[in-house]
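As a basis for the values below, the full set of heavy atoms in this structure was taken, side chains included, without hydrogen atoms, waters or symmetry mates. Along the sequence shown, residues are numbered consecutively beginning with 1.
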Amino acid sequence: MEKRSIKKIGGLFLSVCLLLACQPMERNVTCPEAKEPVDYVNPYMGNISHLLVPTYPTVHLPNSLLRVYPERGDFTGDRIHGLPLVVTSHRGSSAFNLSPYQGEEKNMRPVLNYSYDLEKIVPYRYSVYLDEANVTVDFAPSHQSAVYSVDFENDAPSYLILNTRNGELKSEGNTISGFQYIDNKTKVYLYMEMNAVPDKVGSLTNDQIQYGQKEVAGRNAALVLAYPAGKRTVGLKYGISFIDVEQAKKNLDREISVYDVDVVAKAGRSLWNRTLDKIKIEGGTENEKTVFYTSLYRTYERMICISEDGRYYSATDGKVHEDKGIPFYTDDWIWDTYRAVHPLRILIEPEKELSMVQSYIRMAEQSAEGWMPTFPEITGDSHRMNGNHAVAVICDAYCKGLTGFDLEKAYQACKSAIMEETLAPWVRAKASELDDFYKEHGYFPALYPDEKETCKTVHPFENRQAVAVTLANSYDYWCLSQIAKALGKTEDYNYFLTHSYNYRNLFNPETGFFHPKDNKGNFIMPFDYVFSGGQGARAYYDENNAWIYRWDVQHSIGDLVSLMGGADKFTEELDRLFNTPLGKSKFDFYTVLPDHTGNVGQFSMANEPSLHIPYLYNYAGQPWKTQKRVRKLLEEWFRNDLMGVPGDEDGGGMSAFVAFSQMGFYPVTPGSPTYNIGSPVFSNIKLDLGNGKTFEIKAINCSEDNKYVQSAKLNGKEWNQPWFDHKDIADGSVLELVMGNKANRNWGTATPPPTAEKL
């Protein structure tokens with residue numbers, strides 16, 4: 001018989017076997033259902049790390065007000081501290097706390113600590129067994145409301161303890177209402193209903209119950225709801241508001257009408273699937289898919305929409321405003337998120353991103369000074385880290401076609417923040433003598449190690465961060481220049497573009513590093529580029545050392561290549577970054593630089609200023625090294641396990657780096673409508689750009705070994721450059737990358753990505 005016929009018969013036999021294997025058998029064996037995107041999300045990924053707490057297993061709907069995660073010291077802690085009702089900040093405190101209890105009343109406390117087991121967390125549901133208390137808890141959130149089911153195993157009398165850490169609570173029938181302060185001006189309000197009226201209600205004060213007392217106020221104010229023996233299951237549903245109790249009730253009534261956790265969880269699951277399905281992937285391993293969709297899920301934790309039936313509370317001015325049909329968003333650690341989270345949203349959530357930009361403008365309008373915020377949270381602008389990178393978000397959105405906002409208002413708010421507010425980190429104050437010095441001399445002056453601080457606006461722990469501030473502001477000036485250009489403000493454009501090169505003032509040509517100077521223009525000497533600057537290198541840099549900030553010129557990389565002596569020298573120094581040892585033991589290194597983890601040589605995969613660095617080989621004519629390096633970093637540091645994130649994942653920035661890099665491209669310079677090509681992990685990626693438009697990446701022959709681009713086509717046209725413009729993909733596009741296991745050192749070498757001097 002011919003081989004062809006044998007193959008046909010063999011194939012038919014295999015098909016029949018597979019078909020039979022998927023039929024129900026006597027033992028009720030069924031085929032596994034196909035996974036949906038949310039099934040690949042692992043909220044536990046990265047809950048443990050070397051030093052910091054990198055991620056929290058957060059239960060929430062995309063960009064929604066209500067978020068919950070189990071409160072414990074860290075992932076390995078064997079006690080959870082009650083059941084939180086809402087997390088008010090990504091890494092901050094929670095509001096309200098629920099503690100189920102059976103036992104002697106004298107042992108009640110405002111918040112109980114539980115031994116737990118059988119914990120299961122998915123983005124839309126949380127369940128846990130409190131094993132010593134013999135209580136099962138099930139939870140599901142909506143946007144501004146949620147539902148709990150509390151199941152007691154024993155027939156003994158049961159209790160629910162509801163605590164506000166600092167606020168008021170009131171019980172009426174089967175309802176609880178009240179508020180909690182989350183700072184001295186911002187309140188979060190609660191309205192809760194239960195499916196059973198308690199037998200009696202009391203206050204818990206100084207560990208003593210006073211039944212009949214149905215209102216409590218103050219710190220650790222707690223109500224006790226007592227149920228009779230045999231009442232094994234209690235359902236609770238509640239709404240949250242930042243406006244008032246009445247609005248919290250409206251939020252609950254609008255979103256949840258049943259005490260059925262399954263119903264609410266099903267709706268949440270459906271929403272997560274629709275959201276995550278905005279990016280479809282094929283190929284790769286199951287673990288790589290989990291890393292991807294988990295990373296994508298984490299980019300949806302911030303910003304959060306706090307519009308409630310067309311109104312929102314703004315902590316910027318402490319007032320309730322009408323949103324006029326444009327949802328209001330806040331809670332954004334923008335030092336992290338401007339780099340990749342906002343650029344990712346421009347692609348797959350443009351309407352949300354536009355609302356977020358408009359929210360920033362509103363916050364500026366509501367502030368006393370008219371300044372664009374730097375770190376907006378529920379409680380207002382917390383002004384963390386350094387730089388004023390909202391200007392990068394504004395610039396990036398506008399240059400990529402999101403023009404449905406008042407650019408003039410945005411520009412004036414950004415300009416006033418950068419020119420009138422101090423550049424000193426972690427401080428919200430008017431410009432000081434250090435800022436006057438910066439404007440005159442083009443750099444932030446540094447102190448010698450034994451020199452006492454004289455400027456009162458400098459934060460006592462964060463210090464001046466003189467180099468980091470100079471570099472950050474140079475980039476912000478560049479973004480301002482681009483907006484000024486779009487608005488036809490020629491004088492402003494020239495001023496800010498000229499001063500966007502201020503980083504040159506700290507470049508040490510003898511060492512090739514950005515080196516702090518004193519106020520007389522002298523380099524601080526002696527100097528160690530690994531360890532100088534104290535804890536976190538904060539006297540001169542920020543969380544990372546000079547090796548990382550050496551590359552922190554996102555807007556003018558072409559000029560940086562020239563400063564370092566040309567493409568070959570630039571590449572040599574990039575290689576040296578990844579190959580220079582720590583210089584001391586890990587113990588000593590991390591004592592000084594605890595945020596500088598995920599090391600490959602002096603490179604830190606665990607901190608946001610490093611994210612663009614692996615792509616810089618593209619600018620020096622060696623894109624194959626970017627392809628190799630990005631793949632290696634993804635394989636080494638981002639895994640589907642508890643230690644699968646190398647450092648502090650603050651606001652989705654690191655996760656957005658992973659999502660972009662696994663897709664095979666990255667926005668090195670927010671504010672420039674360009675993307676660098678890397679090495680896709682998946683063989684096919686489709687991004688839903690909205691309005692029926694799709695950006696598709698076909699990575700032909702893509703595999704673990706086949707990481708190198710051999711050739712490329714964009715929309716059928718030969719493509720021999722390691723970058724593309726937003727306009728190339730905005731109306732739908734297909735990028736074809738032919739991959740191989742050895743570098744094609746000729747591909748993409750002739751035309752590096754554009755930088756400041758070419759835009």
State, with a plain yes or no, whether a side-chain heavy atom of [X] is found less than 4.5 Å away from one of [Y].
{"X": "Asp396", "Y": "Ile346", "answer": "yes"}
{"X": "Trp333", "Y": "Val341", "answer": "no"}
{"X": "Gln602", "Y": "Phe589", "answer": "yes"}
{"X": "Glu288", "Y": "Ile281", "answer": "no"}
{"X": "Leu480", "Y": "Cys414", "answer": "yes"}
{"X": "Ile483", "Y": "Phe496", "answer": "no"}
{"X": "Gln554", "Y": "Arg339", "answer": "yes"}
{"X": "Ser610", "Y": "Phe657", "answer": "no"}

Heavy-atom closest contact ([X] atom, [Y] atom, distance):
{"X": "Ala472", "Y": "Asn386", "result": "CB-OD1, 3.6 Å"}
{"X": "Pro680", "Y": "Ala699", "result": "CG-CB, 3.6 Å"}
{"X": "Val393", "Y": "Glu353", "result": "CG1-OE2, 3.6 Å"}
{"X": "Tyr503", "Y": "Ser556", "result": "OH-OG, 2.9 Å"}
{"X": "Met45", "Y": "Gly644", "result": "CE-O, 3.8 Å"}
{"X": "Ile394", "Y": "Val357", "result": "CD1-CG1, 3.5 Å"}

ring-ring contact (aromatic ring centres under 6.0 Å, His included) involving [X] - partner list, sequence neighbours excluded:
{"X": "Tyr360", "answer": "none"}
{"X": "Tyr44", "answer": "Phe75"}
{"X": "Tyr438", "answer": "none"}
{"X": "Trp747", "answer": "none"}

State whether Glu286 and Lys289 are salt-bridged, where the test is any N-O pair (Lys NZ or Arg NE/NH1/NH2 against Asp/Glu carboxylate O) under 4.0 Å. yes
With a 4.0 Å cut-off, would you call Glu572 and Lys569 a salt bridge? yes
How far does [atom1] of [X] sit from [atom2] of [Y], to the nearest 0.5 angstrom?
{"X": "Ile334", "Y": "Asp650", "atom1": "CD1", "atom2": "CG", "value": "13.5 Å"}
{"X": "Asn618", "Y": "Thr751", "atom1": "CG", "atom2": "OG1", "value": "12.0 Å"}
{"X": "His596", "Y": "Trp547", "atom1": "NE2", "atom2": "CH2", "value": "10.5 Å"}
{"X": "Leu735", "Y": "Ile677", "atom1": "CG", "atom2": "CD1", "value": "5.0 Å"}
{"X": "Asp542", "Y": "Glu608", "atom1": "CG", "atom2": "CD", "value": "10.5 Å"}
{"X": "Leu737", "Y": "Trp719", "atom1": "CG", "atom2": "CH2", "value": "11.5 Å"}

Using atom types as modelled and distance alone, determine if a side-chain donor or acceptor of [X] lies under 3.5 Å from a backbone N or O of [Y].
{"X": "Asn607", "Y": "Asp595", "answer": "yes"}
{"X": "Gln627", "Y": "Val630", "answer": "no"}
{"X": "Asp476", "Y": "Asn388", "answer": "yes"}
{"X": "Asn505", "Y": "Gly442", "answer": "yes"}
{"X": "Ser655", "Y": "Thr299", "answer": "no"}
{"X": "Asn744", "Y": "Asn746", "answer": "yes"}
{"X": "Ser49", "Y": "Pro54", "answer": "no"}
{"X": "Ser481", "Y": "Trp478", "answer": "yes"}
{"X": "Thr337", "Y": "His342", "answer": "no"}
{"X": "Gln662", "Y": "Phe292", "answer": "yes"}

Step by step, would you call Ile279 with Leu347 a side chain to side chain contact (heavy atoms under 4.5 Å, CB included)? CA-CA 10 Å; Ile279 304 180; Leu347 289 171; over 6 Å; no
Centroid separation under 6.0 Å, is that true for the rings of [Y] and [X]?
{"X": "Phe513", "Y": "Phe527", "value": "no"}
{"X": "Tyr411", "Y": "Tyr398", "value": "no"}
{"X": "Phe724", "Y": "Phe695", "value": "yes"}

Scan residues 667-688 for pairs that pass salt bridge (Lys or Arg N to Asp or Glu O under 4.0 Å), counting only residues two or more places apart or in two chains. Lys686-Glu696
Inter- and intrachain pairs under salt bridge (Lys or Arg N to Asp or Glu O under 4.0 Å), touching residues 498-515, at least two apart: Arg504-Asp559
Strictly by modelled atom types, are [X] and [Y] linked by a side-chain donor-acceptor pair under 3.5 Å?
{"X": "Asn701", "Y": "Asn706", "result": "no"}
{"X": "Thr674", "Y": "Asp725", "result": "no"}
{"X": "Asn640", "Y": "Asn42", "result": "yes"}

Phe514 and ring pair (Phe, Tyr, Trp, His ring centres under 6.0 Å): which single residue from Tyr549, Tyr529, Tyr540, Phe507 fits? Phe507
If you look only at pairs with a residue in residues 727-743, which of them pass as a side chain to side chain donor-acceptor pair (under 3.5 Å), with sequence neighbours excluded? Lys693-Asp731, Asn715-Ser733
Side chain to side chain contact (heavy atoms under 4.5 Å, CB included) partners for [X], two or more places apart:
{"X": "Ala606", "answer": "Thr597, Ser604, Pro646"}
{"X": "Phe523", "answer": "Asn508, His515, Lys517, Met525"}
{"X": "Arg639", "answer": "Asp641, Met643"}

Parallel, tilted or perpendicular: which one describes the rings of His389 and Tyr338, with boundaries at 30° and 60°? tilted
Exactly one of Ser661, Pro614, Ser679 clears side-chain contact (heavy atoms from CB on, under 4.5 Å) with Arg631, and that residue is Ser679
How would you list all residue pairs meeting ring-ring contact (aromatic ring centres under 6.0 Å, His included) that involve residues 601-639, not counting sequence neighbours? Phe578-Phe603, Tyr615-Tyr666
Which residues pass the salt bridge (Lys or Arg N to Asp or Glu O under 4.0 Å) test with Asp277, not counting sequence neighbours? Lys280
